[in-house]
Undergrad: 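Here it is, the structure in full.
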Amino acid sequence: MRLSRYFLPVTKETPADAEVISHKLMLRAGLVRQTASGIYAWLPLGLRVLKKIEQIVREEQDRAGAIEMLMPTLQSADLWRESGRYDAYGPEMLRIEDRQGRDLLYGPTNEEMITSIFKDGAKSYRDLPRMLYHIQWKFRDETRPRFGVMRGREFLMKDAYSFDLDEVGGRISYNKQFVAYLRTFARMGLRAIPMQADTGPIGGDLSHEFIILAPSGESEVFFHKSWEEARSAEDYDVDIEDTDGLQAFVDSMTTEYAATDEKRDEAREVGMGDDLLKSRGVEVGHIFFFGDKYSKAMGLKVSGNDGSMITPVMGSYGVGVSRLAGAIIEASHDDDGIVWPEAVAPYKVGLINMRADDEACVTAADDLYAKLQAAGVEVLYDDRDERGGAKFATMDVIGLPWQLIVGPRGLKNGVVELKRRSTGERDEVSAEVALEKLA
RNA sequence: CGGGGAGUGGCGCAGCCUGGUAGCGCAUCUGUUUUGGGAACAGAGGGUCGCAGGUUCGAAUCCUGUCUCCCCGACCA
């Protein structure tokens with residue numbers, strides 16, 4: 001994409017509304033614009049990030065054996081009356097009436113709807129286990145939206161639902177999602193720690209929040225120092241079909257101490273000494289097993305192999321997709337702007353032509369642009385007639401992982417400059433070497 | 001939902017107390033000189049002062065109502 005033809009409203013000043021760093025940077029970098037309290041428009045650059053995040057979530061859900069579908073944002077109130085939640089949910093649920101006077105709501109979550117759909121389509125024990133998911137906008141009318149997209153009223157969420165014949169099966173589904181979550185966040189360059197959350201009606205330990213560490217996160221978290229070390233998705237490469245191995249792996253991930261502020265175990269902390277670390281954290285995912293709460297209330301039953309009727313047990317698994325965009329920035333930025341992890345960067349390379357009025361520079365930069373595109377490299381080409389300083393500042397604030405700088409100074413010596421955003425390292429290399437490194 | 005604050009060119013703000021026909025910085029546009037870390041100079045465009053009433057010869061300014069947004073707290077599968 002040529003910047004001269006793009007829509008990228010980057011600002012030097014921060015709007016007064018923004019308080020947290022990710023919100024400020026998202027506005028400054030032209031990723032989002034607020035349209036109402038807690039409601040955001042995703043501008044072209046921001047949308048690319050959102051889609052990158054969404055795609056990683058999708059790939060890991062698919063890998064875990066979940067099946068993608070899409071449910072609507074608007075739901076019938078009758079569906080929620082079946083589960084009893086229409087009255088129970090409270091004012092956080094946005095209620096709407098259509099022209100016929102029918103009660104609708106903008107879905108804050110989809111347990112009722114998925115249960116109803118699954119009930120319609122699954123009749124036999126042979127139809128289970130199944131996991132279904134979708135990535136769809138939700139609305140929760142929070143009393144006080146804040147922190148930009150991290151606590152919006154309208155937000156993009158991946159929500160998955162598992163259906164199993166019994167609790168043993170339910171735990172297997174849960175474990176598959178558990179691993180998928182670790183992998184998902186690791187792929188985005190985040191350190192996400194599973195922390196035990198309030199348990200569902202069944203009790204036990206089948207509910208975890210995934211908290212990412214970020215110095216400016218919204219809540220305080222406490223954990224064993226082993227979580228400090230960076231881990232990649234490969235560290236979570238488990239055979240999810242090996243039930244025992246999967247369980248052992250999940251156990252190993254939940255033995256080291258990790259707790260949110262409300263869940264602290266002081267007795268345990270005392271014995272940890274220097275191994276205990278604390279940080280700020282942002283919740284980016286939450287998984288839980290809730291047994292037959294919805295299946296029972298909504299009459300979901302399938303035939304067993306002995307002709308009996310079985311009420312399946314369910315779990316649900318949420319990832320805050322739009323929240324992640326903010327959370328990643330919280331975890332990865334510096335004084336100059338965003339530092340995108342490569343996996344979610346809107347473009348991989350920012351190509352800068354230092355002098356739009358210099359024929360040699362234009363030719364060289366155009367050539368690199370064409371070759372990068374031909375090689376399938378996502379590149380944002382700053383071909384505007386601006387001064388170098390302004391271009392550097394723009395590239396730094398939008399945080400693309402690589403900056404490829406073409407200027408008269410380097411061309412004289414037959415080189416271009418390759419700068420890594422995360423470290424600031426610069427290499428003077430030939431155009432060919434630069435292409436090789438980026439392709 | 002309790003408490004606090006703010007609405008004035010795209011963004012950040014001043015003016016309001018003490019009514020007199022709207023200003024500054026940044027951004028934008030034009031021109032010239034510039035050009036490796038957000039250039040300088042000269043000129044230009046752009047605002048029914050959130051909205052609705054009221055008081056007054058006259059309202060951004062005073063009064064009443066209303067809407068919106070932000071911050072702290074409570075809440076947050």
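Chain letters run A, B, ... following the sequence lines, proteins first and then strands; every chain starts at 1.
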Undergrad: Of the candidate nucleotides B:G38, B:G37, B:C11, which contains the atom at the shortest distance from the side chain of A:Val10?
TA: B:G38
Undergrad: With no angle test and no hydrogens, is the base of B:G36 tied to the side chain of A:Glu417 by a donor-acceptor pair under 3.5 Å?
TA: yes
Undergrad: Check the interface with nucleotides 67-70 of chain B: list each N/O to N/O pair with the protein under 3.5 Å, or write none.
TA:
residue : atom : partner : partner atom : Å
B:C69   : OP1  : A:Ser37 : N            : 2.9
B:C69   : O3'  : A:Gln34 : NE2          : 3.3
B:C70   : OP1  : A:Gln34 : NE2          : 2.9
B:C70   : OP2  : A:Ser37 : OG           : 2.8

Undergrad: Categorize A:Gly407 for me: base, sugar-phosphate, or nothing, with a 4.0 angstrom heavy-atom threshold over every strand shown.
TA: base
Undergrad: Against the six-membered ring of A:Tyr236, is A:Arg231 placed for a cation-pi contact (under 6.0 Å from the centre, within 45° of the normal)?
TA: no
Undergrad: Strictly by Watson-Crick or wobble contacts shorter than 3.5 Å, is anything paired with B:U56, and which nucleotide is it?
TA: none
Undergrad: Pick the C1' atom in B:G46 and in B:U28, then give their distance to the nearest Å.
TA: 9 Å
Undergrad: Under 30°, 30 to 60°, or over 60°: which ring-plane class applies to A:His208 and A:Tyr174, parallel, tilted or perpendicular?
TA: tilted
Undergrad: Check the distance between B:U35's P and A:Glu386's CD and give it to me in whole angstrom.
TA: 16 Å
Undergrad: Report the relative orientation of the aromatic rings in A:Phe210 and A:Phe185; use parallel for angles under 30°, tilted for 30 to 60°, perpendicular for over 60°.
TA: tilted
Undergrad: Quote, to the nearest angstrom, the C1' distance that separates B:G36 from B:U32.
TA: 23 Å
Undergrad: Paired with B:G37 by Watson-Crick or G-U wobble geometry, both distances under 3.5 Å: which nucleotide is it?
TA: none
Undergrad: Per the atom types in the model, does the base of B:A27 pair as donor or acceptor with the side chain of A:Thr11 at under 3.5 Å?
TA: no
Undergrad: Could you tell me which nucleotide pairs with B:U61 by Watson-Crick or G-U wobble geometry, both distances under 3.5 Å, or answer none if nothing does?
TA: none
Undergrad: Categorize A:Met93 for me: base, sugar-phosphate, or nothing, with a 4.0 angstrom heavy-atom threshold over every strand shown.
TA: nothing
Undergrad: B:G38 P sits how many Å from A:Ile398 CD1, rounded?
TA: 18 Å
Undergrad: Charged N to carboxylate O below 4.0 Å: is that the case for A:Glu209 and A:Lys263?
TA: no
Undergrad: Distance between the C1' atoms of B:U55 and B:G65, in whole angstroms?
TA: 15 Å
Undergrad: A:Thr143 side chain: which of B:C1, B:C71, B:C11 is closest?
TA: B:C1
Undergrad: Counting only Watson-Crick pairs (N1-N3 plus N6-O4 or O6-N4) and G-U wobbles (N1-O2, O6-N3), all under 3.5 Å, who is the partner of B:A22?
TA: none
Undergrad: Is the A:Trp80 ring parallel, tilted or perpendicular to the A:Tyr89 ring (thresholds 30°, 60°)?
TA: perpendicular
Undergrad: Regarding A:Ser316, tell me which of base, sugar-phosphate or nothing describes its non-hydrogen contacts under 4.0 Å with the strands shown.
TA: nothing
Undergrad: Could you check which nucleotide pairs with B:A6 in any of the strands shown, counting Watson-Crick or G-U wobble with both distances under 3.5 Å?
TA: B:U68
Undergrad: Does B:G73 have a Watson-Crick or wobble partner in any strand here, with both distances under 3.5 angstrom, and which is it?
TA: B:C1
Undergrad: Is any N or O donor-acceptor pair between the side chain of A:Lys419 and the base of B:G37 shorter than 3.5 Å?
TA: yes
Undergrad: Angle between ring planes, A:Trp137 versus A:Trp42, binned at 30° and 60°: parallel, tilted or perpendicular?
TA: tilted
Undergrad: Taking for each residue the nucleotide of RNA chain B bearing the nearest heavy atom, is the 5' side occupied by A:Phe392 or by A:His23?
TA: A:Phe392
Undergrad: What is the pairing partner of B:U48, taking Watson-Crick or G-U wobble pairs with both distances under 3.5 Å in any strand?
TA: none
Undergrad: What integer distance in Å separates A:Phe139:CZ from B:C76:P?
TA: 18 Å
Undergrad: Using the C1' atom on both, measure B:C51 against B:A6 and round to a whole Å.
TA: 16 Å
Undergrad: Who is the Watson-Crick or G-U wobble partner of B:A27, with both distances under 3.5 Å?
TA: none
Undergrad: Between A:Lys371 and A:Asp367, is there a side-chain N and carboxylate O pair less than 4.0 Å apart?
TA: yes
Undergrad: Compare the minimum distances between each of B:G12, B:G38, B:G36 and the side chain of A:Arg28, then state the nucleotide with the smallest one.
TA: B:G38
Undergrad: Between A:Arg171 and A:Asp164, is there a salt bridge with N-O shorter than 4.0 Å?
TA: no
Undergrad: Check whether the side chain of A:Glu13 and the base of B:G25 form a donor-acceptor pair under 3.5 Å.
TA: yes
Undergrad: Considering heavy-atom distances to RNA chain B, does A:Glu209 or A:Arg409 have its closest nucleotide positioned more toward the 5' end?
TA: A:Arg409
Undergrad: Could you state the atom-to-atom distance from CG of A:Asp385 to P of B:G38 in whole Å?
TA: 17 Å
Undergrad: A:Lys12 NZ to B:U28 C1': how many Å, rounded?
TA: 13 Å
Undergrad: Look at A:Arg387 and B:A39 and indicate whether a side-chain polar atom (N or O) is within less than 4.0 Å of OP1 or OP2.
TA: yes
Undergrad: Strictly below 4.0 Å, N to O, side chains only: are A:Glu111 and A:Arg85 in salt-bridge contact?
TA: yes
Undergrad: Which nucleotide in the list B:G38, B:U35, B:C75 gets nearest to the side chain of A:Arg355?
TA: B:U35
Undergrad: On a plain distance test, is the side chain of A:Arg384 in donor-acceptor contact with the base of B:G38 below 3.5 Å?
TA: no
Undergrad: Taking atom types as they are modelled, is there a donor-acceptor pair under 3.5 Å from the base of B:C76 to the side chain of A:Arg151?
TA: yes
Undergrad: B:U34 P sits how many Å from A:Asp358 CG, rounded?
TA: 15 Å
Undergrad: If I pick the C1' atom on B:C29 and the same atom on B:C75, what distance separates them, to the nearest angstrom?
TA: 49 Å
Undergrad: Give me the distance, rounded to whole Å, that separates B:C26 from B:C62 when you measure between the P atoms they each carry.
TA: 30 Å
Undergrad: Is any side-chain N of the basic residue among A:Lys278 and A:Glu220 closer than 4.0 Å to the acidic one's carboxylate O?
TA: yes
Undergrad: Expressed in whole Å, how much space separates the P atoms belonging to B:A60 and B:U35?
TA: 48 Å
Undergrad: Kindly point out which of B:C76, B:C1, B:G36 is positioned nearest to the side chain of A:Ile405?
TA: B:G36
Undergrad: Rounded to whole angstrom units, what separation is found between the CG atom of A:Asp141 and the P atom of B:C1?
TA: 10 Å
Undergrad: If you measure from the C1' atom in B:A27 to the same atom in B:G10, how many Å do you get, rounded?
TA: 7 Å
Undergrad: Heavy atoms under 4.0 Å, any strand shown: does A:Glu283 hit a base, just sugar-phosphate, or nothing?
TA: base
Undergrad: Tell me, please, whether A:Tyr86 has A:Arg81 positioned over its six-membered ring: NZ or CZ under 6.0 Å from the ring centre and within 45 degrees of its axis?
TA: yes
Undergrad: What is the distance from NZ of A:Lys412 to P of B:G36, rounded to the nearest Å?
TA: 12 Å
Undergrad: Applying a 4.0 Å non-hydrogen cut-off, can you work out what A:Asp336 is touching in the nucleic acid: base, sugar-phosphate, or nothing?
TA: nothing
